[in-house]
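A, B, ... follow the sequence lines: proteins, then strands. Residue 1 opens every chain. Values in this document were obtained by computation on a predicted structure and should not be read as measured data.
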4 protein chains.
Amino acid sequence: MTDSKRRGRPPGDASADTAQRILDTARRLFAERGYAETTIKLVAARAGLTSAALYHYHPSKLDLYVAVHAECRQRFLAVLDAAQATALTFTDKVLAILDASERLQADDPIVGWFTASARVDVARRPELQAALRRGSDWWTQLCRTVVDTGVSTGELRADDHAVVMAFLSALLLGLGETAALDERLHARALAGSRLVLDAVLRGRLGRAAELVP
Amino acid sequence: MTDSKRRGRPPGDASADTAQRILDTARRLFAERGYAETTIKLVAARAGLTSAALYHYHPSKLDLYVAVHAECRQRFLAVLDAAQATALTFTDKVLAILDASERLQADDPIVGWFTASARVDVARRPELQAALRRGSDWWTQLCRTVVDTGVSTGELRADDHAVVMAFLSALLLGLGETAALDERLHARALAGSRLVLDAVLRGRLGRAAELVP
Amino acid sequence: MTDSKRRGRPPGDASADTAQRILDTARRLFAERGYAETTIKLVAARAGLTSAALYHYHPSKLDLYVAVHAECRQRFLAVLDAAQATALTFTDKVLAILDASERLQADDPIVGWFTASARVDVARRPELQAALRRGSDWWTQLCRTVVDTGVSTGELRADDHAVVMAFLSALLLGLGETAALDERLHARALAGSRLVLDAVLRGRLGRAAELVP
Amino acid sequence: MTDSKRRGRPPGDASADTAQRILDTARRLFAERGYAETTIKLVAARAGLTSAALYHYHPSKLDLYVAVHAECRQRFLAVLDAAQATALTFTDKVLAILDASERLQADDPIVGWFTASARVDVARRPELQAALRRGSDWWTQLCRTVVDTGVSTGELRADDHAVVMAFLSALLLGLGETAALDERLHARALAGSRLVLDAVLRGRLGRAAELVP
DNA sequence: CATGAATGAGGGTTCATTCAT
DNA sequence: GATGAATGAACCCTCATTCAT
């Protein structure tokens, strides 16, 4: 009536925080390999489970991805938003964001990598786009808040709003890319960005070399 | 296999035509969906062939990707390098590159998209990395050339070489990203970049709004 | 496991309640979807348990099926056999069976559906066949009893025994099918059957239309 | 670049009529095991292919089923409709259908089995229902045609139309069931049916035993 | 009794690739 | 050059079942 091969849960096994281990593993793998190339089986194996067990926590690959995405977005947003909120002017807000993202990247680089990686995956796969429609523009929102501040403090002309937002987006995107490419490059690009922003926004031009550790 | 047809292609040669159609189709699909999600069958179908027939032109998916990549790199490099070569100073070279990339993007957006898309795919897949090792750093090379010029003209301090290169890389990468995301965003980010560079490099600050069409 | 609770079940006993709920749910699902398509998890969920909990009541899916099957057979047999026993002649016994099956169907249609559904499932799966070998021919037995009576009362020739049994089986099977397909169709088919049997067995031919409600 | 294990079509293999072999195998397996229990892999193996190769002929399991279903329906309908068309009265048409179905069953029993088996599978699975909506009522249509004839020839009262159709359906369904259960039972049930119909429709009652081979 | 977590064994399907024609 | 037919390797997901609590 029952097969000779053992089916069912094996005896002697109980490990907590499996859920978090799954998320951590998935985040790293999604970041490194992207959505398509990351198999559920591999995530499960790296987290110490069978793929079937993983389905106990997330009902589908897409759901797993969404969960990871949400977690990353939240962590990113919490840090950057807090940083931006501590500053009062446009200039300070931008620089605070740079600082915060640098700290986050140093603290847990995978969050940043995943975020960069996710951008292309989401753009490529309509299913992900659909599943993530809500809250996927936090990035733009953040930029808008900062630029709005700039306009209201008089640092920026209202006319320049769109262009500044676009430039800021491009710069932050580019910094994210360098973070994914090479740690040293990222550090230098950050230094350069601070320098340039300082020059443009405060009118003083420093020496780049002094800024890089 | 495609090399012999490239120059002096006889008019009405169906084979050369097919070869180019394959490359065009593949470029677009690789750009839109990435490497893993693009199937040989789909490329073939869109190009009007069977997948088996495609193997007459490219011996494997990876080879096809490499071919597309090489073609794009060459086209990109030709344009940007020519543009940079016409200018004499760092400042002018950078602005020339911006102009040229904007023209290229307007002319054939897919080349730009593919380039952005390829970055992540290559980073993700070791096989691609291995196959593309040669010539994959043209990007860095170009930046280096330009920054070198800046140092030799005295526009930049030698100490700042690395930081400026990193900043330039980040900015150009970010602009590439915006190009892939949204045409208008890209246009504005370009305008903003010109403005900022002008301000930093020439010390004059214009109004952003005037630059956007 | 369920046997002990069956008679004299103490009022308010949750366990016996659960057991019956499981059987009811399973009967309906097995009837509607068949054996393979009915998952233990779904039965459990509909009965308000976990699938693991269901295993406290039935040690395997097959056992659950067997339990449902036995229950249905018993209920069916009890009704039909009682009905048949009240009549003395072949003709009356057959008509009594038709009446009784109609009442049963009206009372709890799922029992009939399950019985029809079970026939194919058992025929399809050797495991079920093996597990149900005992008592799975109650159907034939019932027919035989009735036909035997016909022979002994002189209504049927002994030579015709086999053919009449086969015809009766076919007709009852067919009626069961119509019951599963459509209620109205079943009602009409029953009416037609009564008419035809009356004509053949008693030599009087009525109007069909008068028999259908 | 290519794996060590051989991928692709193996050398030295070319067999025609694969398509028909697939249909034959699938018909038998679907008939014997039903939809859910029949795996694509098994069909393929029995037909001498890999499951992947089967997808070259039918894009999904459901499509394969639909193909088999259509083929069976067509064969069934062709035979029964031709038989019915040769007769002019209701009585003769019904008996002709019985004869034809008996011949078909003797000729290729699997068609009949599949048809009986398909009924429950289609009823159970909404997907099949949806896919087969067109032409799934050929059965009813055939009955209607025959009964219509009976009314127009005066053999049946118009009032009895519905009841006769229902009875005929039930009887034919039941005969189909016996065919699936046991060959001898089917033969006897057919004989009994002829007898009963003759008695009811022509008013003469024969001896059943003479009709069975 | 009941549950949550876990497993092995598939099941349908896709895909890059290859061979014969 | 081009095509249809074929393959092995995966991939996502489901399911009956079991164990610890």
Side-chain angles (χ1 to χ4, degrees), chain A residues 1-3 5-16 18-19 36-42 44 48-62 64, chain B residues 1 14-15 18-19 36-44 48-57 59-62 64, chain C residues 14-15 18-19 36-44 48-57 59-62 64, chain D residues 1-3 5-16 18-19 36-44 48-62 64:
Chain A
M1 207 160 281
T2 35
D3 291 353
K5 297 264 172 181
R6 190 102 58 69
R7 215 161 9 165
R9 176 178 187 163
D13 189 6
S15 66
T18 307
E37 296 91 329
T38 300
T39 75
I40 285 274
K41 231 177 187 162
L42 183 59
L49 304 95
T50 323
S51 64
L54 201 153
Y55 279 85
H56 202 62
Y57 295 85
H58 302 276
S60 77
K61 186 181 178 181
L62 200 151
L64 172 59
Chain B
M1 206 161 280
S15 170
T18 305
E37 297 91 328
T38 300
T39 73
I40 286 275
K41 217 175 183 177
L42 182 59
V43 174
L49 299 92
T50 321
S51 62
L54 201 152
Y55 277 84
H56 280 291
Y57 294 86
S60 79
K61 186 182 179 181
L62 200 150
L64 172 59
Chain C
S15 170
T18 303
E37 297 92 328
T38 300
T39 73
I40 285 275
K41 216 175 182 175
L42 182 59
V43 174
L49 299 93
T50 320
S51 61
L54 201 152
Y55 278 83
H56 279 290
Y57 294 85
S60 77
K61 185 182 181 183
L62 201 150
L64 172 59
Chain D
M1 209 161 280
T2 36
D3 293 353
K5 297 264 175 182
R6 188 100 61 66
R7 210 157 19 162
R9 175 178 188 163
D13 189 7
S15 66
T18 307
E37 297 91 330
T38 299
T39 75
I40 284 274
K41 239 179 184 158
L42 182 59
V43 174
L49 302 97
T50 322
S51 64
L54 201 152
Y55 278 84
H56 203 62
Y57 294 86
H58 303 276
S60 78
K61 187 181 179 182
L62 200 151
L64 172 60

How close or far is atom P of E:dT13 from atom NE2 of D:H58, stated in whole angstroms?
13 Å
At their closest point, which heavy atom of B:S60 faces which heavy atom of B:Y55, and how far apart are they?
CA-CE2, 4.0 Å
Among F:dA16, F:dG4, E:dT14, which is the nearest nucleotide to the side chain of B:A52?
F:dG4
B:Y55 OH to F:dG1 C1', in whole Å, measures 16 Å
Ignoring backbone atoms, establish whether A:H56 has a side-chain N or O less than 4.0 Å from OP1 or OP2 of E:dA5.
yes
Under 4.0 angstrom, heavy atoms only, what part of the nucleic acid is D:S51 near: base, sugar-phosphate, or nothing?
base
Nucleotide paired to E:dA20 in any strand shown, Watson-Crick or G-U, under 3.5 Å
F:dT3
Result for 5'-nearest mapping on DNA chain E, choosing between A:T50 and C:G48, is C:G48
So, for B:I40 and B:S51, which heavy atoms are closest and what is the spacing to 0.1 Å?
CG2-CB, 3.9 Å
Please figure out whether A:T38 or C:E37 has its closest DNA chain F nucleotide nearer the 5' end.
A:T38
Can you see which heavy atom on C:L54 is nearest to which on C:L64, and at what distance?
CD2-CD2, 4.2 Å
How many Å lie between CG on C:L42 and C1' on F:dA16, as a whole number?
14 Å
Side-chain donor/acceptor of B:T39 to backbone N/O of B:L42, under 3.5 Å:
yes
Quick one: on DNA chain E, does C:L54 or B:T39 contact a more 5' nucleotide (nearest heavy atom)?
C:L54
side-chain N/O A:Y57 vs E:dA6 OP1/OP2, d < 4.0 Å:
yes
Measuring from atom NZ of D:K41 to atom NZ of D:K61, what distance do you get when rounded to the nearest 0.5 angstrom?
13.0 Å
Just N and O in the side chain of C:K41: are any of them under 4.0 Å from OP1 or OP2 of F:dC15?
no
Go ahead and name the base partner of F:dC13; Watson-Crick or wobble counts if both distances stay under 3.5 Å, otherwise write none.
E:dG10
Rounded off to whole Å, could you give me the CG-to-P distance for the A:L49 and E:dA5 pair?
11 Å
Ranking F:dT3, E:dT17, F:dC13 by distance to the side chain of A:K61, first place goes to F:dC13
